[in-house]
Protein chains: 2
Amino acid sequence: MASKHSTQHKILDAAQNLFAETGFNDTSLRQITSLAEVNLASVNYHFGSKKELIQAVLQRYLLVLMPRLDQEFTRLLATRQPNSLAQVLSVFVKPLLELNKVHQNGTRIFLQLLGRGYTDVQGHLRWFFNQNYGRVLDKLVQLVQQACPDLPASELFWRLHFSLGTVVFTMASNEALAEIAKADFNEKVDIEGVILRLLPYLSAAIAAPIPQVAHISQTAPMLASEGR
Amino acid sequence: MASKHSTQHKILDAAQNLFAETGFNDTSLRQITSLAEVNLASVNYHFGSKKELIQAVLQRYLLVLMPRLDQEFTRLLATRQPNSLAQVLSVFVKPLLELNKVHQNGTRIFLQLLGRGYTDVQGHLRWFFNQNYGRVLDKLVQLVQQACPDLPASELFWRLHFSLGTVVFTMASNEALAEIAKADFNEKVDIEGVILRLLPYLSAAIAAPIPQVAHISQTAPMLASEGR
DNA sequence: CATCAATTTAAACACCTGTTTGAAATGTAC
DNA sequence: GTACATTTCAAACAGGTGTTTAAATTGATG
């Protein structure tokens, strides 16, 4: 099975491209099977449901990426003195770019899928991530904590999620941004170019100085008090 | 018309909440009219189409926010010496928080809608924005340019879009993040708290030092060469 | 009250969605 | 080549989508 041009493989390839471009909910199984040139029912036959197809598309990359990241994080945690924030963030580059070996434009597609997953099916992917790769992410948090010892844990939480937003949104809008950049600055940027631009931006952002205590929780009297 | 409890008003209120929570494409007119307790056909009668309803929902906030921002930008541009980046970004706070006067939780809802607009209907809102408020945004670019004179124009372009991603994604995930923050750090955060946390993060990010020339365009041999 | 326009309503429209079905086709082992 | 399991296929399913229609209701004006 998985003989490169098998039905399952054709479905996965067609699905990932359409999912990345249009989002999960806005891509129909008929669009996928039409592009893959397979029968409509084969999706349910091979994957069970659309939901499981989405998971399979993501897993193809996660199963390659996450062990690589885990390995890098573990390596950095073993060093004697704490690593700089730039060093920590740099370890993402190689594992991400190696996704291009999984599939052509694999890096771009995976990051776009990640963005879709976080915004389309709200909260679902976030839960899945913490559930399956929480231990890996904890190592990242630990590394950043070491690199920025003055940063309170809660502030670090927010800044890491801000950063996730930066990456994920940028990748989701990648095509549009690349077009504008080319039109306005005659600048040809690929996914690696964007990643390399992100690094100094995120390094400075996460390590930003904490503003003077502004009694935030007092000046902002619980406006959003409606529970949920 | 617009007598606060008119049909149009009820539709707009129901629509904005559902749109913000579930996204534009994943919210049906039947969900909206059901929540608003009006007839299904009244949406098409009063607004023409779903697309125009979406625009009306956004316009209700944009028509308040953008002139305010324009005014602030113009004021800052008139000062003798260039303003600091932190000062420039700070001018967003008041106009954004004043959206709470337009509607309860207006700030949060508008920012969520903005996030939805940029990710749901890909590229559509970006085009609309540049078309209608390009002149206002140009002033912002000019202000940031003045605050960071060493930043090349193309780098500034990317960093401003990175920042847009940070804001927009954070707001789209606002509920989930606020829940986690409360569970993990017993920290009650409202929309104002998030905005105040974003300011130092974005200030440091946009003004991040430019890394040494790394021959980016040469080390990254046009991988994404497929046009689109 | 009568007239006319503005609004609301229930019903239907044509189309798209993910999924299931049962028969046909294909592949595999004896 | 016959039996068996795997895979493909066209067709239908039940349910949801935005939009339209024409009649009923409401509101305002004379």
Side-chain angles (χ1 to χ4, degrees), chain A residues 1-60 113 116-117 119-122 124-125 128, chain B residues 1-60 113 116-117 119-122 124-125 128:
Chain A
M1 56 166 78
S3 65
K4 190 63 187 178
H5 284 118
S6 65
T7 300
Q8 318 185 28
H9 205 102
K10 286 196 285 184
I11 292 175
L12 284 175
D13 285 354
Q16 69 168 5
N17 289 316
L18 291 173
F19 283 156
E21 255 190 53
T22 332
F24 296 112
N25 292 334
D26 294 343
T27 300
S28 72
L29 294 185
R30 282 169 179 81
Q31 288 177 291
I32 295 171
T33 54
S34 172
L35 178 61
E37 293 180 314
V38 299
N39 188 273
L40 167 63
S42 54
V43 171
N44 292 283
Y45 176 77
H46 286 288
F47 297 94
S49 66
K50 184 181 181 180
K51 200 170 193 168
E52 289 166 280
L53 171 63
I54 295 176
Q55 290 179 9
V57 166
L58 284 173
Q59 282 284 18
R60 195 154 62 143
L113 290 173
R116 296 296 181 182
T119 53
D120 270 27
V121 268
Q122 187 68 336
H124 216 116
L125 182 64
F128 171 85
Chain B
M1 55 164 81
S3 65
K4 190 63 184 175
H5 285 119
S6 66
T7 300
Q8 320 184 26
H9 205 103
K10 285 196 282 183
I11 293 176
L12 284 175
D13 285 355
Q16 69 167 7
N17 289 316
L18 290 173
F19 283 156
E21 256 190 52
T22 332
F24 296 112
N25 291 334
D26 294 343
T27 300
S28 71
L29 293 184
R30 282 169 180 82
Q31 288 177 292
I32 295 172
T33 54
S34 172
L35 178 61
E37 294 179 313
V38 301
N39 188 274
L40 168 62
S42 54
V43 171
N44 292 286
Y45 177 77
H46 285 288
F47 297 93
S49 66
K50 183 180 180 180
K51 199 169 192 169
E52 290 167 280
L53 171 62
I54 295 176
Q55 289 178 11
V57 166
L58 284 173
Q59 283 283 19
R60 194 155 61 143
L113 290 173
R116 296 295 182 184
T119 53
D120 271 28
V121 268
Q122 188 65 336
H124 216 115
L125 182 63
F128 171 85

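Fair warning: this is a prediction, and the values are worked out from it, not measured in the lab. The sequence lines fix the lettering, A, B, ..., with proteins before strands; numbering per chain opens at 1.
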Taking atom [atom2] of [N] as reference, at what distance in whole Å does atom [atom1] of [X] sit?
X	N	atom1	atom2	value
A:Ile11	D:dC9	CD1	P	11 Å
A:Glu37	D:dT8	CD	P	14 Å
B:Asn44	C:dT9	CG	P	15 Å
B:Leu29	D:dT17	CG	P	9 Å
B:Phe47	C:dT8	CZ	P	11 Å
B:Asn25	D:dG18	CG	P	9 Å
B:Ile32	D:dT19	CD1	P	11 Å
A:Lys50	C:dT17	NZ	C1'	8 Å

**Message:** With no hydrogens and no angle check, just 3.5 Å: does a side-chain donor-acceptor pair link B:Glu52 and B:Ser49?
**Reply:** yes

**Message:** Here's a test for you: under side-chain contact (heavy atoms from CB on, under 4.5 Å), which of A:Ile32, A:Leu53, A:Val57 qualifies with A:Gln16?
**Reply:** A:Val57

Check whether any side-chain N or O of [X] sits under 4.0 Å from OP1 or OP2 of [N], and answer yes or no.
X	N	result
A:Ser28	C:dT17	yes
A:Thr7	D:dT8	yes
A:Asn39	D:dA10	yes

**Message:** At less than 3.5 Å, do the side-chain atoms of A:Arg30 and the base atoms of C:dG18 form a donor-acceptor pair?
**Reply:** yes

**Request:** Identify the heavy atoms of A:Phe24 and A:Gly117 that sit nearest to each other, and give their distance.
**Result:** CE1-N, 3.4 Å

**Message:** Do the side chains of B:Asp26 and B:Arg116 get close enough for a salt bridge, i.e. N-O under 4.0 angstrom?
**Reply:** no

**Message:** Does B:Thr27 reach a base, just sugar-phosphate, or nothing at all? Heavy atoms under 4.0 Å.
**Reply:** sugar-phosphate

**Complete:** Considering only heavy side-chain atoms of A:Ala41, the closest of C:dG18, D:dT21, D:dC9 is D:dC9

**Complete:** Closest of D:dT19, C:dT19, D:dT8 to the A:Tyr45 side chain is D:dT8

**Request:** Could you pick out which residue, A:His46 or A:Leu40, lies toward the 5' side of DNA chain D when each is mapped onto its nearest nucleotide?
**Result:** A:His46

**Message:** Between A:Lys50 (side chain only) and A:Ser28 (backbone N and O only), is there a donor and an acceptor less than 3.5 Å apart?
**Reply:** no

